[in-house]
Amino acid sequence: GYSSQVIRKIGDATGGHVWPIYAPFVVKNPKTAVELRSDHRIKAAMDLYGKVTLGLVVIGSWNPPDSQFYDAVHAYGLAEGMVAKGVVGEVCATLLDAQGRIVPGIEDRTLSVSAEQLRQIPDVIGVAGGPKKFNAVRAALLSGLVTSIVTDAELARMLIV
C-alpha cells in the first residue's frame with residue numbers, strides 16, 4: 001500500500017532499516033489477530049518495538065470521523081460503539097477520549113504498537129492537519145503518547161488558544 005511506500009522512502013532517505021508488517025491494522029476477531037501476530041515475519045517486526053527511538057505516527061479523528069483506522073473499524077461495525085464510549089481519536093490504534101484517556105475495547109483485534117510500548121519511545125511525532133482533527137490532536141497531546149506534532153497553521157492556532 002501507499003503507507004508502506006512512504007515508510008520505505010523514509011528508510012532509504014535516512015539509511016534506516018524498514019520492517020514492514022504486511023497485515024491489516026485491524027481484523028474482525030481477536031483469534032485472527034493472535035494468529036497474525038504469531039507469523040514469524042510479523043512477530044520479528046513487532047519484537048523490534050522496544051528498540052524504536054523515534055516514532056512518526058498519524059493522529060486519526062473519530063468524532064468527527066477522519067481516519068482510515070476509523071473506516072476499517074467501522075466496516076466491522078465496531079466504531080459507533082467506541083464513539084458512544086467517548087472516543088474522539090486514535091494514535092497507533094490506541095483509542096482516546098477528549099481528555100486523552102485510553103478507551104479500551106478493540107486492542108485485541110489490532111496489529112499495532114501498544115500504548116505502553118509507544119510511551120517507551122523517547123520521541124514520538126504525531127502528524128495531523130485540518131480543523132476536523134482538533135479533538136483528536138488535543139486528546140493525543142493530553143495522552144502523553146506523542147511528544148510533538150507536525151500540523152498546519154490553522155490547527156496549530158486552534159490548539160494554542
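Because only heavy atoms are used, hydrogens play no part in the values below, and waters and symmetry mates are left out as well, while side chains stay in. It should be emphasised that the depicted structure is a prediction, and the values quoted were computed from it without experimental measurement. If you read the sequence from its start, that first residue is 1, and numbering goes on from there.
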For this session: Work out which heavy atom in Pro104 is nearest to a heavy atom in Lys85; give both atom names and the distance.
Result: O-NZ, 4.2 Å
Exercise. How far apart are the closest heavy atoms of Gly89 and Ala136, and which atoms are they?
Worked result: CA-CB, 3.8 Å
Exercise. Under 4.5 Å between any side-chain heavy atoms of Thr53 and Asp123, yes or no?
Worked result: no
Exercise. So how far is it from Asp66 CG to Asn135 CG, rounded to the nearest 0.5 Å?
Worked result: 12.0 Å
Exercise. Are Val27 and Leu36 close enough that some pair of their side-chain heavy atoms sits under 4.5 Å apart?
Worked result: yes
Exercise. Do Thr32 and Glu35 have side-chain N/O donor and acceptor atoms under 3.5 Å apart?
Worked result: no
Exercise. Linking I/L/V/M/F/W/Y whenever their side-chain heavy atoms sit closer than 4.5 Å, directly or via other members, would Leu159 and Leu145 fall into one cluster?
Worked result: yes
Exercise. Where the side chain of Gln117 meets the backbone of Ser114, is there a donor-acceptor pair that is under 3.5 Å apart?
Worked result: yes
For this session: Answer whether the closest heavy-atom distance between the side chains of Ile106 and Val73 falls below 4.5 Å.
Result: yes
Exercise. When you measure from the side chain of Thr151 to the backbone N and O of Ala128, does any donor-acceptor pair fall under 3.5 Å?
Worked result: yes
Exercise. How would you list all residue pairs meeting ring pair (Phe, Tyr, Trp, His ring centres under 6.0 Å) that involve residues 25-44, not counting sequence neighbours?
Worked result: Phe25-Phe69
Exercise. Does the Arg138 side chain pair with the main chain of Ala98, one donor and one acceptor, at a distance under 3.5 Å?
Worked result: yes
Exercise. Donor-acceptor pair, Asp152 side chain versus Gly130 backbone, under 3.5 Å?
Worked result: yes
Problem set entry | Donor-acceptor contact below 3.5 Å, side chain Arg109 vs main chain Lys28 | yes
For this session: Output, in order, the C-alpha distance, side-chain angles, deciding distance and verdict of side-chain contact (heavy atoms from CB on, under 4.5 Å) for Val88 and Asp97.
Result: CA-CA 5 Å; Val88 298; Asp97 70 10; 5.6 Å; no
Exercise. Leu54 versus Ile125: any side-chain heavy-atom pair under 4.5 Å?
Worked result: yes
Exercise. Shared ILVMFWY cluster between Val91 and Leu142, side chains joined below 4.5 angstrom?
Worked result: no
For this session: Would you mind reporting whether Thr94 and Ser143 have side-chain heavy atoms less than 4.5 Å apart?
Result: no
Problem set entry | Working for salt bridge (charged side-chain N to carboxylate O under 4.0 Å, His left out), residues Asp47 and Lys43 | CA-CA 6 Å; Asp47 285 347; Lys43 184 177 180 333; 2.9 Å; yes
Problem set entry | Within one Ile-Leu-Val-Met-Phe-Trp-Tyr cluster: Val124 and Met46, side-chain cutoff 4.5 Å | yes
Exercise. Would you say the side-chain atoms of Arg37 pair up with the backbone N or O of Thr110, donor to acceptor, closer than 3.5 Å?
Worked result: yes
Exercise. To the nearest 0.5 Å, how far apart are CZ in Arg41 and CG in Asp39?
Worked result: 4.5 Å
Exercise. Just by modelled atom types, is the Cys92 backbone N or O under 3.5 Å from a matching donor or acceptor in the Ser112 side chain?
Worked result: yes
Exercise. Counting only heavy atoms not in Gln99, do more than 12 fall under 6.0 Å of its CD?
Worked result: yes
For this session: Would you kindly confirm whether Val103 and Tyr76 end up in one hydrophobic cluster when ILVMFWY residues are joined by side chain heavy atoms under 4.5 Å apart?
Result: yes
Problem set entry | Co-membership, hydrophobic cluster, residues Ile149 and Leu118, 4.5 Å side-chain | yes
Problem set entry | Any side-chain heavy-atom pair of Val87 and Tyr70 under 4.5 Å | no
For this session: Heavy atoms only: give me the nearest Val52-Pro122 pair and the separation to one decimal.
Result: O-CD, 3.8 Å
Problem set entry | Contact summary for Ile102 and Ala115, nearest pair of heavy atoms | CD1-CB, 3.5 Å
Exercise. For Gly11 and Val18, which heavy atoms make the closest approach, and how far apart are they?
Worked result: CA-CG2, 3.8 Å
What donor-acceptor contacts under 3.5 angstrom involve side-chain atoms of residues 55-65, with partners at least two apart or in another chain?
{"residue": "Ser61", "atom": "OG", "partner": "Pro64", "partner atom": "O", "Å": "2.4"}
{"residue": "Ser61", "atom": "OG", "partner": "Lys132", "partner atom": "O", "Å": "3.4"}
{"residue": "Trp62", "atom": "NE1", "partner": "Glu90", "partner atom": "OE1", "Å": "2.6"}

Problem set entry | From Trp19 atom CH2 to Lys51 atom NZ, the distance as rounded to the nearest 0.5 Å | 9.0 Å
